[in-house]
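Residue numbers run from 1 in the order of the sequence given.
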Amino acid sequence: MSKKDYYETLGVDKDASVDEVKKAYRKLARKYHPDVNKEANAEEKFKEVKDAYDVLSDPQKKSNYDQFGSAEPNQGFGGGGSGDFGGGFGDIFDMFFGGGGGGRRRDPNAPRQGADLQYTMTLAFKEAVFGKTTEIEIPKEETCGTCDGDGAKPGTSPQTCSKCGGAGQLNVEQNTPFGRVVNRRVCDNCQGTGKIIPEKCKTCGGRGRITRNKKISIKVPAGVDYGQQIRVSGQGEAGVNGGPPGDLYVVFDVQSHEFFEREGDDVFCEMPLTFAQAALGDEIEVPALSGKVKVKIPAGTQTGTSFRMRGKGIPNVHGRGHGDQHIKVKVIVPKKLSDDQKDLIREFAKVSGDSNVDEQHQNFFDKVKRAFRGD
């Protein structure tokens, strides 16, 4: 069974919906993100939350986890090994049967794909909503242009290792109570590469690769959300021995907004109303993601009432339309009243049979004004 309880990590029940899992993940990810939380264990907790979300948000992985205690169904049986039964059985086979696995060992000179890279991009709220094209600069390993990747000084060439014959491995014979056995070891002369470089390239020091900063153009899709990522094919590190390059994964960290709050493709906001607007009705202007929208407020509207504007939310990142904008109204009581205003309110309360007049202690008109300006 897995040592970690993913449900406990996210603080959700086992029957929690995908939306509930996502909401819990976003809350905890923002809390423990290393860019925000400077506690010593924040990064570790962030990774735990991310691992839990990756499993519980994927139906197949979740099913395997619920059944086996792991995201991989064969995890409880030593892990996947393509016939090696967890990576240890192949070595035992080689020890007792003299490396009879044939092609089980990888050719050190065979082409290999380069490593993948990951880059975290921080986006303002509206940049994530509308998308953008931008450039990033990342350090990455590339093939050395001086030696074309073979690590040798120009005019010279790598030589086949005389000790292992280019195999990169040595067969070490041992006598045991079971008889003579052969155990394979990495060649100590070439460190498993199968090659020796008599004169190393001065640019890369014989590595065949150099690290340099490279600018890459990134197209951020409209509607991308916190924690989502895109793959930029071929922009990872250079391949080995002529292999293809790896890929670049750009993970998005979306900042919160002062006025709007996002849930999926829907966006939520609060709008203040005066007592007169709520009681008599009015038509008000509401800040939306792409401008201002007029909304009719019916007479007698109570504080906390919500209105929905269809299609005024966030574009779906997969191109499946737009979400909605939800407006929650909040009736604001003025902090300062003239004597005449106070007398009128007392008279109204008396006529209404209600002598309790509550005052509003929080004013968020400033936030609304900034939202109108598009901040």
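No side-chain heavy atom of Gln169 sits under 4.5 Å from any side-chain heavy atom of Cys187. Here the side chains of Glu261 and Val267 are not in contact, with every heavy-atom distance at 4.5 Å or above. Looking only at side-chain heavy atoms (C-beta outward), Glu263 and Lys23 come within less than 4.5 Å of each other. Side-chain atoms of Thr134 and Met121, non-hydrogen and from C-beta on, do get closer than 4.5 Å to each other. Cys204 has its side chain out of reach of Thr146: every pair of non-hydrogen atoms, C-beta onward, lies at least 4.5 Å apart. Side-chain contact between Lys328 and Ser306 is present, with at least one heavy-atom pair separated by less than 4.5 Å. Side-chain contact between Lys45 and Lys47 is absent, with no heavy-atom pair separated by less than 4.5 Å. Taking 4.5 Å as the limit, every side-chain heavy atom of Phe46 sits out of range of all side-chain heavy atoms of Lys31.
Phe125 and Phe268 are members of different hydrophobic clusters when ILVMFWY side chains are connected at heavy-atom separations under 4.5 Å. A single hydrophobic cluster is not seen to contain both Leu170 and Ile196; linkage of ILVMFWY side chains at heavy-atom distances under 4.5 Å, directly or through other members, places them apart. In terms of hydrophobic clustering, with Ile, Leu, Val, Met, Phe, Trp and Tyr side chains grouped at heavy-atom distances under 4.5 Å, Ile210 and Ile197 are assigned to different clusters. When the side chains of ILVMFWY residues are joined at heavy-atom separations under 4.5 Å, either directly or via intervening members, Leu117 and Ile136 end up in a single hydrophobic cluster.
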- Task: Carefully, step by step, assess Tyr32 and Glu43 under the rule side chain to side chain contact (heavy atoms under 4.5 Å, CB included).
- Result: CA-CA 7 Å; Tyr32 293 117; Glu43 184 173 358; over 6 Å; no
- Apply side chain to side chain contact (heavy atoms under 4.5 Å, CB included) to Glu142 and Arg212, showing your working. CA-CA 7 Å; Glu142 296 181 342; Arg212 62 175 49 164; 3.2 Å; yes
- Query: Can Arg209 and Glu237 be said to form a salt bridge (charged side-chain N to carboxylate O under 4.0 Å, His left out), step by step?
  - Reply: CA-CA 10 Å; Arg209 301 151 73 86; Glu237 291 185 351; 3.8 Å; yes
- List the steps and the verdict of side chain to side chain contact (heavy atoms under 4.5 Å, CB included) for Val49 and Asp51. CA-CA 6 Å; Val49 170; Asp51 290 343; over 6 Å; no
- Message: Using side chain to side chain contact (heavy atoms under 4.5 Å, CB included), reason through Val286 and Gln325 one step at a time and then give a plain yes or no.
- Response: CA-CA 10 Å; Val286 177; Gln325 178 170 343; 3.8 Å; yes
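Under a 3.5 Å cut-off, the side chain of Gln302 and the backbone N or O of Gly300 do form a donor-acceptor pair. Using a distance-only test at 3.5 Å, with no hydrogens or angles considered, a donor-acceptor pair links the side chain of Tyr65 to the main chain of Tyr6. A donor-acceptor pair is defined here as one N or O able to donate and one able to accept, closer than 3.5 Å; no such pair exists between the side chain of Glu347 and the backbone of Leu344. Lys292 places no side-chain N or O within 3.5 Å of a backbone atom of Pro287 that could act as its donor or acceptor partner. Judged by distance alone, with hydrogens and angles left aside, the side-chain atoms of Thr193 form a donor-acceptor pair with the main-chain N or O of Cys190 at under 3.5 Å. Proximity of a side-chain donor or acceptor of Thr9 to a complementary backbone N or O of Asp5 within less than 3.5 Å is detected. Side chain of Lys330 to backbone of Gly304: no donor-acceptor contact under 3.5 angstrom is found.
Below 30°, between 30° and 60°, or above 60°: for Tyr53 and Tyr25 the angle between ring planes is below 30°, a parallel geometry.
Remark: Asp58 engages no residue in a side chain to side chain donor-acceptor pair (under 3.5 Å) (not counting sequence neighbours). Applying the side chain to side chain donor-acceptor pair (under 3.5 Å) test to His322 and every residue at least two apart in sequence or in another chain returns nothing. A search for side chain to side chain donor-acceptor pair (under 3.5 Å) contacts involving Gln277 returns Thr274, Asp282, not counting sequence neighbours. For Lys27, the salt bridge (Lys or Arg N to Asp or Glu O under 4.0 Å) criterion is met by no residue, not counting sequence neighbours. Taking the ring pair (Phe, Tyr, Trp, His ring centres under 6.0 Å) definition, one finds that Phe252 meets it with nothing, sequence neighbours left out. Under the ring pair (Phe, Tyr, Trp, His ring centres under 6.0 Å) criterion, Phe130 pairs with no residue, sequence neighbours left out. Lys163 pairs by the salt bridge (Lys or Arg N to Asp or Glu O under 4.0 Å) definition with Asp188, not counting sequence neighbours. Under the salt bridge (Lys or Arg N to Asp or Glu O under 4.0 Å) criterion, Glu283 pairs with no residue, sequence neighbours left out. For Asn316, the side chain to side chain donor-acceptor pair (under 3.5 Å) criterion is met by Asp265, not counting sequence neighbours. In this structure, Glu20 has no salt bridge (Lys or Arg N to Asp or Glu O under 4.0 Å) partners at least two apart in sequence or on a different chain.
When all heavy atoms of Val293 and Ala288 are compared, the pair lying nearest together is CG2-CB, 3.8 Å. Minimum heavy-atom separation, Pro198 to Ser157: CD-O, 4.0 Å. Residue Cys147 comes nearest to Gly208 through the heavy atom pair SG-CA, 4.0 Å, listed as atom of the first residue, atom of the second, then distance. Across Thr160 and Gly165, no two heavy atoms sit closer than the pair CG2-C, 3.6 Å. Taking each heavy atom of Ala16 and Val21 in turn, the nearest pair found is CB-CG2, 4.2 Å. The two residues Phe259 and Glu270 come nearest to each other via the heavy atoms CE1-O, 3.1 Å.
By the 4.0 Å N-to-carboxylate-O rule, Glu141 lies close enough to Arg207 to be salt-bridged with it. One finds no salt bridge joining Asp19 and Lys22 here, because no Lys/Arg side-chain nitrogen approaches an Asp/Glu carboxylate oxygen to under 4.0 Å. The existence of a salt bridge linking Glu127 and Lys132 is confirmed by a sub-4.0 Å separation between a basic side-chain nitrogen and an acidic carboxylate oxygen. Salt bridge absent: Asp266 and Arg262 never bring a charged side-chain N and a carboxylate O closer than 4.0 Å.
Of the residues Val329, Ile284, Ile332, the one that meets the side chain to side chain contact (heavy atoms under 4.5 Å, CB included) test with Pro272 is Ile332.
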Return all side-chain donor-acceptor pairs below 3.5 angstrom for residues 215-232, not counting sequence neighbours, or 'none' if the list is empty.
unit_1, atom_1, unit_2, atom_2, d
Tyr226, OH, Ala29, O, 3.3
Gln228, OE1, Asp225, N, 2.8
Arg231, NH1, Asp247, OD2, 3.2

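Residue Asn41 qualifies as enclosed at atom CG: its count of foreign heavy atoms under 6.0 Å is above 12. Atom CD of Glu8 has 12 or fewer neighbouring heavy atoms from other residues, nucleotides or ligands inside a 6.0 Å radius.
When ring centroids are compared, Tyr249 and Tyr119 stay outside the 6.0 Å threshold.
Atom-to-atom distance recorded for Leu289:CG and Met309:CE is 8.5 Å, nearest 0.5 angstrom. Between atom CG of residue Asn189 and atom OG of residue Ser162 there is a gap of 5.5 Å, rounded to the nearest 0.5 Å.
A salt bridge (charged side-chain N to carboxylate O under 4.0 Å, His left out) check over residues 306-320, counting only residues at least two apart or in different chains, returns the pairs Arg308-Asp324.
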